[in-house]
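Below is one structure, written out as structure tokens, with a few remarks after it.
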Amino acid sequence: MPELPEVETVVRDLAAAGLAGCRICSVAALWPKTLQPPHGIGWQAVEGCRIEAVSRRGKYIVLELSGGLQLLIHLRMSGRLGIAPHAAADEPYLRVRLLLEDGRELRFYDPRKFGRWQLVSGAESPLLNLGPEPLTPAFTAAALRRALRGRKGALKPLLLNQSGVAGLGNIYVDEALWAAGLHPLRPADSLKDAEINELRKAIRKVLRRAIGAGGTSLGSGRTNFYGLEGRPGRNLPRLKAYGRKGLPCERCGGILQRTVVAQRGTHFCPECQTIP
DNA sequence: AGCTAGACCCGCACGC
DNA sequence: TGCGTGCGGGTCTAGC
């Protein structure tokens with residue numbers, strides 16, 4: 001499931017493929033719902049634009065276009081990008097083709113059809129609702145404390161909602177909570193300053209480690225995560241909690257449990273992630 | 001406003 | 001082996 005480290009991996013792959021600097025001929029949707037209707041303009045507005053830069057914000061891939069528009073790509077559950085020549089045959093689950101003037105095209109595959117492309121100008125951008133980037137200096141202990149303050153709800157759903165921290169999903173929330181020794185149901189505003197700082201460090205650690213491994217791929221199916229060249233991530237063996245139900249905790253030897261929190265599978269150690 | 005639940009989707013794992 | 005069933009998960013929306 002693409003979260004920050006997987007999206008970062010794809011963005012680095014896109015940069016290495018030389019996507020920045022390419023000029024767009026046209027966009028074609030094989031599954032029209034993937035292309036969200038832009039406000040006041042049509043998708044043909046991308047025609048003739050140059051891709052000025054490729055970056056990431058939270059889980060969004062951001063293509064900065066000449067003329068000031070941004071093309072946002074969200075992979076959601078099963079989205080995947082590839083680059084192919086115009087002439088290459090369609091593969092299964094191909095949903096969108098972005099044709100480039102150099103004879104290549106950016107291809108979007110998405111078996112489960114959750115992924116979305118958006119064409120936005122700054123003012124109505126969904127990026128405005130995102131919390132700080134966890135791997136930048138903006139993600140201070142004070143910023144995390146502000147995000148948690150006054151929140152009566154549980155830690156895990158808050159960390160998932162993107163407004164306090166951008167880019168975490170189900171896997172890395174479980175990993176960060178494990179690394180910080182915090183229970184997923186711990187009331188968010190009950191954390192002491194030292195615990196907030198541990199959580200901040202844990203979030204940064206698990207994300208950095210996963211980026212270093214090219215992201216997490218859970219299996220080998222079509223809906224799994226793959227980089228631009230179809231390469232799976234190598235972070236699975238580094239996970240300490242997610243998907244490890246019944247295995248011993250590497251920190252204390254307790255048996256890891258799986259429960260459901262906020263309608264999501266949640267993995268934690270009942271021995272060393274407790275609610276005081 | 002904050003929080004929860006449902007909708008969107010369908011491959012895949014699992015059970016018989 | 002083949003079929004049927006239900007799970008999983010990010011984000012938006014609806015409803016309390």
Side-chain angles (χ1 to χ4, degrees), chain A residues 1-10 29-39 56-62 72-81 91-96 108-118 120 124-131 134 146-177 184-190 207 210 215-226 230 232-233 235-236 239 241-246 258-267:
Chain A
M1 321 306 139
E3 305 177 30
L4 187 153
E6 291 74 35
V7 178
E8 179 66 25
T9 299
V10 173
L30 289 78
W31 179 256
K33 283 182 75 172
T34 303
L35 296 184
Q36 300 227 123
H39 284 291
R56 178 191 59 72
R57 179 77 173 93
K59 302 175 197 170
Y60 288 87
I61 297 163
V62 183
L72 308 180
I73 300 174
H74 201 300
L75 304 174
R76 295 279 186 102
M77 305 300 307
S78 64
R80 184 168 72 74
L81 289 171
E91 300 92 337
Y93 311 111
L94 181 60
R95 307 300 183 200
V96 178
F108 184 68
Y109 311 92
D110 190 14
R112 292 164 74 171
K113 300 178 175 172
F114 276 110
R116 290 292 179 266
W117 287 33
Q118 290 173 272
V120 300
E124 79 257 5
S125 173
L127 305 185
L128 300 174
N129 301 322
L130 297 177
R146 269 196 303 279
L148 303 178
R149 185 184 303 154
R151 300 303 200 109
K152 304 294 178 203
L155 212 37
K156 174 159 178 172
L158 189 61
L159 292 174
L160 284 172
N161 90 4
Q162 309 300 304
S163 67
V165 193
L168 295 175
N170 203 42
I171 295 174
Y172 298 110
V173 166
D174 282 3
E175 291 302 305
L177 290 174
L185 288 176
R186 180 84 180 269
D189 69 355
S190 73
L207 293 177
T216 301
S217 294
L218 295 173
S220 54
R222 295 290 214 345
T223 59
N224 196 23
F225 166 72
Y226 301 98
N235 194 56
L236 183 60
L239 299 183
Y242 185 88
R244 296 180 57 80
K245 179 181 91 168
R258 181 185 182 280
T259 58
V260 175
V261 174
Q263 300 173 290
R264 297 216 170 64
T266 296
H267 312 74

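Model, not experiment: these values are computed from the prediction. Reminder, nothing fancy here: chain letters follow the sequence lines and each chain counts from 1.
The side chain of K152(A) sits closest to dC3(B) out of dT11(C), dC9(B), dC3(B). Nearest nucleotide to the side chain of P111(A), out of dT11(C), dG8(C), dG11(B): dG11(B). The listed nucleotides are dC9(B), dT11(C), dG11(B); the one nearest the side chain of K113(A) is dC9(B). The listed nucleotides are dC9(B), dT11(C), dG8(C); the one nearest the side chain of W31(A) is dC9(B). For Y93(A), the listed nucleotide lying nearest its side chain is dG11(B); candidates were dC8(B), dG11(B), dC12(C). Among dC8(B), dC12(C), dG2(B), the nucleotide with an atom closest to any side-chain atom of Y60(A) is dC12(C). Across dT11(C), dC3(B), dC12(C), the shortest atom-to-atom separation from the side chain of P126(A) is found for dC12(C). Considering only the side chain of R151(A), dG2(B) comes nearest among dG2(B), dG11(B), dG10(C).
In this structure, R95(A) fails the cation-pi test against F108(A), since its NZ or CZ atom is not both closer than 6.0 Å to the six-membered ring centre and inside 45 degrees of the ring normal.
One cannot find a donor-acceptor pair under 3.5 Å joining the base of dG10(C) and the side-chain atoms of R112(A). In the interface, the side chain of R116(A) is not paired with the base of dG10(C) through any donor and acceptor atom under 3.5 Å apart.
Just one of R151(A), K152(A), R149(A) meets the salt bridge (Lys or Arg N to Asp or Glu O under 4.0 Å) condition when paired with D189(A); it is K152(A).
When heavy atoms are screened at a 4.0 angstrom cut-off, R76(A) is found touching base atoms of the nucleic acid. As judged by a 4.0 angstrom heavy-atom cut-off over every strand, Q263(A) is placed among the base-contacting residues. At a threshold of 4.0 angstrom between heavy atoms, the contacts of R149(A) with the nucleic acid are absent.
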Checklist outcome for this item: Intra- and inter-strand pairing of DNA chain C, written as dot-bracket with Watson-Crick and G-U pairs under 3.5 Å and | for the latter, reads .|||||||||||||||
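Summarising the geometry, the separation between CG on L94(A) and C1' on dC10(B) is reported as 17 Å, rounded to the nearest angstrom. Atom P of nucleotide dA5(B) and atom CG of L160(A) are separated by 14 Å, given to the nearest angstrom. At whole-Å resolution of the value, CD in Q118(A) and C1' in dT11(C) are 10 Å apart. Rounded to whole Å, the distance from CE on M77(A) to P on dA7(B) is 17 Å. When the P atom of dT11(C) is taken as reference, atom NE2 of H74(A) falls 4 Å away, rounded to whole Å. Atoms NZ (K33(A)) and P (dC9(B)) sit 3 Å apart, rounded to a whole Å.
Toward the 5′ end of DNA chain C lies the nearest nucleotide of R258(A), the other residue of the pair R258(A) and R264(A) mapping further downstream. Comparing N224(A) and G153(A) along DNA chain B, the residue whose closest nucleotide (by nearest heavy atom) sits nearer the 5' end is G153(A).
Smallest separation of non-hydrogen atoms from L168(A) and K59(A): O-NZ, 2.9 Å.
Donor-acceptor pairing under 3.5 Å is lacking for the side chains of Y226(A) and E6(A). Under 3.5 Å, the side chains of S78(A) and Y93(A) contain no donor-acceptor pair of N or O atoms.
Here the side chains of I73(A) and V62(A) are not in contact, with every heavy-atom distance at 4.5 Å or above. Side-chain contact between V173(A) and I171(A) is absent, with no heavy-atom pair separated by less than 4.5 Å.
K156(A) has a carboxylate O that lies under 4.0 Å from a charged side-chain N of D174(A), or vice versa, which qualifies the two as a salt bridge.
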